[in-house]
Amino acid sequence: VQDKKVLEKTNTSNKNGKAQQEPQEKLDTNPPKGTRDFYPEDMRLRTWLFDQWREVAKTYGFSEYDAPVLESESLYTRKAGEEVTQQLYNFVDKGDRAVALRPEMTPSLARMVMAKKGGLNLPLKWFSIPQCWRYERMTRGRRREHFQWNMDIWGVSGEEADAELLSAMVTFFRNVGLTSDDVGIKINSRLVIGEVLTELGIPPEKFAATCVLVDKLEKVPLDAIQGDLEELGLDRSVVEKLTQVLTVKSVDGIKEVLGEESQAVQQIKKLLHLCQAYGIDDWIIFDASVVRGLAYYTGVVFEAFDRKGVLRAIAGGGRYDKLLETFGGDPTPAAGFGFGDAVIVELLKERELLPSFESTGIDTVVFAMGEGTHPAAINVAKCLREAGQSVDLVLENKKAKWAFKHADRLGAKFCAIIGSEEYANNEVAIKNLRLGEQTTVPVDNLSTWARESKLP
Ligand SMILES: Nc1ccc(Br)nc1
């Protein structure tokens with residue numbers, strides 16, 4: 001009945017009794033709020049970035065994995081007040097299941113590891129480039145999706161894993177032309193806050209939520225979260241001590257606060273030593289205020305930033321040794337980072353380090369100019385494609401002027417013309433669009449020509 005009503009509503013008959021569709025409301029051609037379309041040129045930039053990420057992951061021996069963008073909401077029901085769980089893109093599906101578009105990849109990774117019940121050979125070095133989502137009131141007009149390069153090492157408890165991840169991140173920065181004058185990576189350990197809170201008599205169960213609140217201090221003044229800290233049982237004297245420790249910017253300074261025997265101090269010193277071995281120490285800076293906003297970090301944390309201080313964090317990560325246990329799994333050490341696609345592109349644009357993505361990468365435009373020569377053009381396109389070229393075959397009868405303009409718009413290197421004369425001689429006229437020179441090539445020599453005419 002419902003369908004019939006809908007049909008009646010949209011199908012009306014005109015005066016001749018012919019059924020006609022009512023014009024739809026004007027289509028909103030924008031993508032959904034907070035999301036992006038990737039037209040071919042945008043897609044070439046995205047593909048370039050993902051290729052850079054994949055190349056580093058491969059160099060470091062990481063394997064790619066993936067998981068559904070849709071997950072059970074229960075994967076993210078942490079109660080630590082994190083932005084990432086408060087802005088969940090969640091809904092109830094037609095099967096009455098509480099689901100969510102993943103806001104991050106790490107919980108999916110943990111679910112996949114748990115699913116194998118110890119059947120995976122550790123250590124795991126896995127990477128993924130998932131699209132991640134948040135549902136934020138559009139008041140701030142921020143995006144609701146981004147792609148985030150995830151690199152994770154499971155099964156290694158030592159700072160060797162954290163250092164390997166930092167080195168991989170630096171390798172990416174170097175590969176795209178950034179230097180340690182452009183970007184730094186702040187490192188810290190959550191053990192610093194842990195040892196301070198323990199000394200002040202704050203129970204461990206308050207630790208994660210305190211870190212989440214402290215992370216907000218980067219964005220909001222202390223009095224904006226004072227109430228939340230007090231609700232956690234942290235009185236003013238505790239908060240004062242905490243904020244004083246967070247201002248420490250040197251290992252010696254933190255050693256004075258926590259003592260030489262502090263596990264946090266030992267951890268930070270070892271990590272910095274390993275970074276020297278990688279030759280990345282000029283990228284690394286100790287900063288006790290870095291805690292990151294995810295509740296599950298347990299040790300080393302780090303955050304890449306632009307040295308000019310204009311942009312938001314470029315990437316961030318840390319150690320999360322207890323995540324699997326929170327899901328009911330066996331204790332398994334893990335560390336990783338997330339690296340979003342937005343800030344890095346802003347930085348590369350600002351530093352003029354992005355290649356041009358105007359050209360389609362097409363080698364040759366092939367077009368039939370003479371009457372009845374399209375089958376010959378098909379054969380030329382076939383030969384060039386089989387020789388490894390990227391070929392745009394013009395599919396309609398066009399004038400040469402249109403074809404040359406079309407080839408220029410595509411950024412093609414050559415234009416192959418099959419006119420009546422060439423057709424009669426089983427030849428092809430080939431114009432080098434970079435040099436403006438034209439040659440005639442026998443069809444039987446096209447493969448050789450294609451291989452010899454490799455242009456950058
Ligand atoms: N977690 C998250 C998801 C989507 C965006 Br945009 N930013 C952060």
Side-chain angles (χ1 to χ4, degrees), residues 30-38 42-43 45-46 49-50 53 65-91 98-112 127-152 165 169 208-209 211-216 218-220 290-297 301-306 310-318 320 323 326-327 334-349:
N30 295 305
K33 276 185 184 310
T35 69
R36 298 165 289 176
D37 293 325
F38 288 86
D42 310 314
M43 199 62 203
L45 192 168
R46 180 176 125 184
L49 178 63
F50 288 15
W53 281 340
Y65 71 98
D66 198 3
V69 67
L70 186 73
E71 286 279 10
S72 165
E73 186 184 14
S74 62
L75 220 50
Y76 313 106
T77 48
R78 308 188 292 258
K79 300 274 181 274
E82 299 148 283
E83 195 173 86
V84 77
T85 55
Q86 291 180 317
Q87 296 177 346
L88 209 50
Y89 208 128
N90 59 326
F91 55 97
V99 291
L101 298 182
R102 64 189 168 205
E104 55 169 333
M105 195 60 162
T106 309
S108 299
L109 172 55
R111 177 180 59 71
M112 289 171 70
F127 85 96
S128 190
I129 308 177
Q131 187 173 32
C132 296
W133 296 80
R134 68 182 170 196
Y135 191 94
E136 188 179 47
R137 298 269 167 247
M138 287 310 279
T139 43
R140 295 168 61 178
R142 292 204 300 173
R143 281 190 294 105
R144 285 182 172 157
E145 52 77 23
H146 73 168
F147 289 88
Q148 187 191 62
W149 177 35
N150 277 248
M151 291 271 279
D152 290 88
L165 290 162
M169 191 183 285
C211 289
V212 171
L213 283 172
V214 166
D215 179 65
K216 289 177 178 167
E218 277 191 68
K219 306 163 199 91
V220 297
V290 172
V291 288
R292 298 296 297 163
L294 292 171
Y296 48 68
Y297 286 135
V301 284
F302 49 89
E303 185 173 288
F305 66 101
D306 83 287
V310 173
L311 302 172
R312 306 178 307 286
I314 300 167
Y320 52 97
L323 184 61
T326 62
F327 288 154
F337 67 72
F339 194 134
D341 69 327
V343 177
I344 187 61
V345 169
E346 281 179 60
L347 178 62
L348 292 171
K349 277 180 182 164

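Just so you know, these numbers use all the heavy atoms, side chains as well, and skip hydrogens, waters and symmetry mates. Whatever order the structure lists them in is the order used to number ligands and atoms, beginning at 1.
- Of the polar atoms of C132, none of the N or O atoms is found under 3.5 Å from an N or O of ligand 1, judged by distance alone.
- With salt bridges taken as basic N to acidic carboxylate O contacts below 4.0 Å, none links R292 and E104.
- Close approach of ligand 1 to V84 (heavy-atom distance below 4.0 Å) involves ligand atoms 1 (N).
- Judged by a 6.0 Å distance limit and a 45° cone about the ring axis, R46 is positioned over the six-membered ring of F38.
- Set against the non-hydrogen atoms of R143, the atoms of ligand 1 under 4.0 Å away are 6 (Br).
- Near P103, the atoms of ligand 1 lying under 4.0 angstrom from a non-hydrogen atom of the residue are 1 (N), 2 (C), 3 (C).
- The cationic atom of R78 (NZ for Lys, CZ for Arg) does not lie both less than 6.0 Å from the six-membered ring centre of Y296 and within 45° of the ring axis.
- For F50 and W149, the ring centers sit 6.0 Å or farther from each other.
- The backbone of E145, and not its side chain, has at least one atom closer than 4.0 Å to an atom of ligand 1 (non-hydrogen atoms only; backbone = N, CA, C, O).
- Summarising the geometry of L323 relative to A110, their closest heavy-atom pair is CD2-CB, 3.9 Å, with the distance given to 0.1 Å.
- Nearest protein heavy-atom neighbour of atom 7 (N) of ligand 1: R134 NH1, 3.4 Å.
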